[in-house]
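Working notes for the structure below.
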Amino acid sequence: MATRAVRRRARAVLGQDPLALVWCELHRGIPRPPKDVHRAAGKGRLRPGHHWLVYVACVVFCFVVLPWMLVDTLLDRWAGTARPRTGRSGSGPARADRDRAAGPAVFDGDWNLTAGRLLLRWYTDSPSAKRLVLLTADEVCLAASPRRRAAPTKADDFRIVARFAAHEAWVEGEAGQPRGFAVFRLCFADGSWLEAGRLAGPDDADHFLRTVPDPA
């Protein structure tokens, strides 16, 4: 459930209470656009920025946890107690299976349509991976914090980064999807679309998907 601060901020930026809201992310990375298209759009970033705590955690892992794991593995081998390992998750058939199971592309593929143009400035509008999608009776809005935050779903400083009238954009999603795996599509009048997932806040996600039209 979105925090009270988030709901107050949503009411303030919209001027009304939203019918539904949910924090989400692009469920896959933004594909690399053609160089000329990217250049014409200002060469904005294509990956999210991370809070400094993430980099601290990476440093701790590399200089503390990883050496400890290597030493522990060597000691096990010297003692003759090393256990056989079951396949690596980062490569080979398992990686390929995950990639195939990752689902369809993040958008329709046309960089010149609304979805493509939105993706070209996705992380320029906000370095955060999280977006708050807000539905009203006549608008679909995307909001995000302008800062890198350790807990973006608790941000109460978010601002509207994209705003569409109901005839310009709408959301399609199926209710009853498994929690943690639900996705929805943001569809545009020009026929383009982008897909989002990793919905945060199970109660918000369930209410959101019950509110939007079922694509079937």
So does [Y] get a backbone contact from the side chain of [X], meaning a donor-acceptor N/O pair under 3.5 Å?
X	Y	value
Asp190	Thr114	yes
Arg32	Leu46	no
Gln177	Glu174	yes
Glu195	Val183	no

Q. Remaining members of Phe158's ILVMFWY cluster at a side-chain heavy-atom cut-off under 4.5 Å?
A.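 For the cluster that includes Phe158, the remaining residues are Val6, Val13, Leu14, Leu21, Trp23, Leu132, Leu134, Ile160.
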Q: Apply side-chain contact (heavy atoms from CB on, under 4.5 Å) to the pair Met1 and His207, showing each step before the final yes or no.
A: CA-CA 10 Å; Met1 180 71 71; His207 176 66; over 6 Å; no
Q. When rounded to the nearest 0.5 angstrom, what distance separates CZ in Phe107 from CH2 in Trp193?
A.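 Atom-to-atom, Phe107:CZ and Trp193:CH2 are 8.5 Å apart.
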Q) Side chains of Leu142 and Trp122: does their closest heavy-atom pair fall under 4.5 Å? A)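 Sidechains of Trp122 and Leu142: in contact.
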Q: Please list, chain by chain and in numerical order, all residues satisfying salt bridge (Lys or Arg N to Asp or Glu O under 4.0 Å) with Arg121, sequence neighbours excluded.
A: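 Salt bridge (Lys or Arg N to Asp or Glu O under 4.0 Å) list for Arg121, sorted by chain: Asp125.
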Q) Are Leu19 and Phe184 joined in one hydrophobic group, where the rule is that I, L, V, M, F, W and Y side chains link up if heavy atoms are under 4.5 Å apart? A)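 The answer is no; the residues belong to distinct hydrophobic clusters.
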Q) Quick one: do Arg7 and Asp204 make a salt bridge, cutoff under 4.0 Å? A)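 Yes, Arg7 and Asp204 are salt-bridged.
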**Q.** Contacts of Ala166 that satisfy side-chain contact (heavy atoms from CB on, under 4.5 Å) - sequence neighbours left out
**A.**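 In terms of side-chain contact (heavy atoms from CB on, under 4.5 Å), with neighbours along the sequence ignored, Ala166 is linked to no residue.
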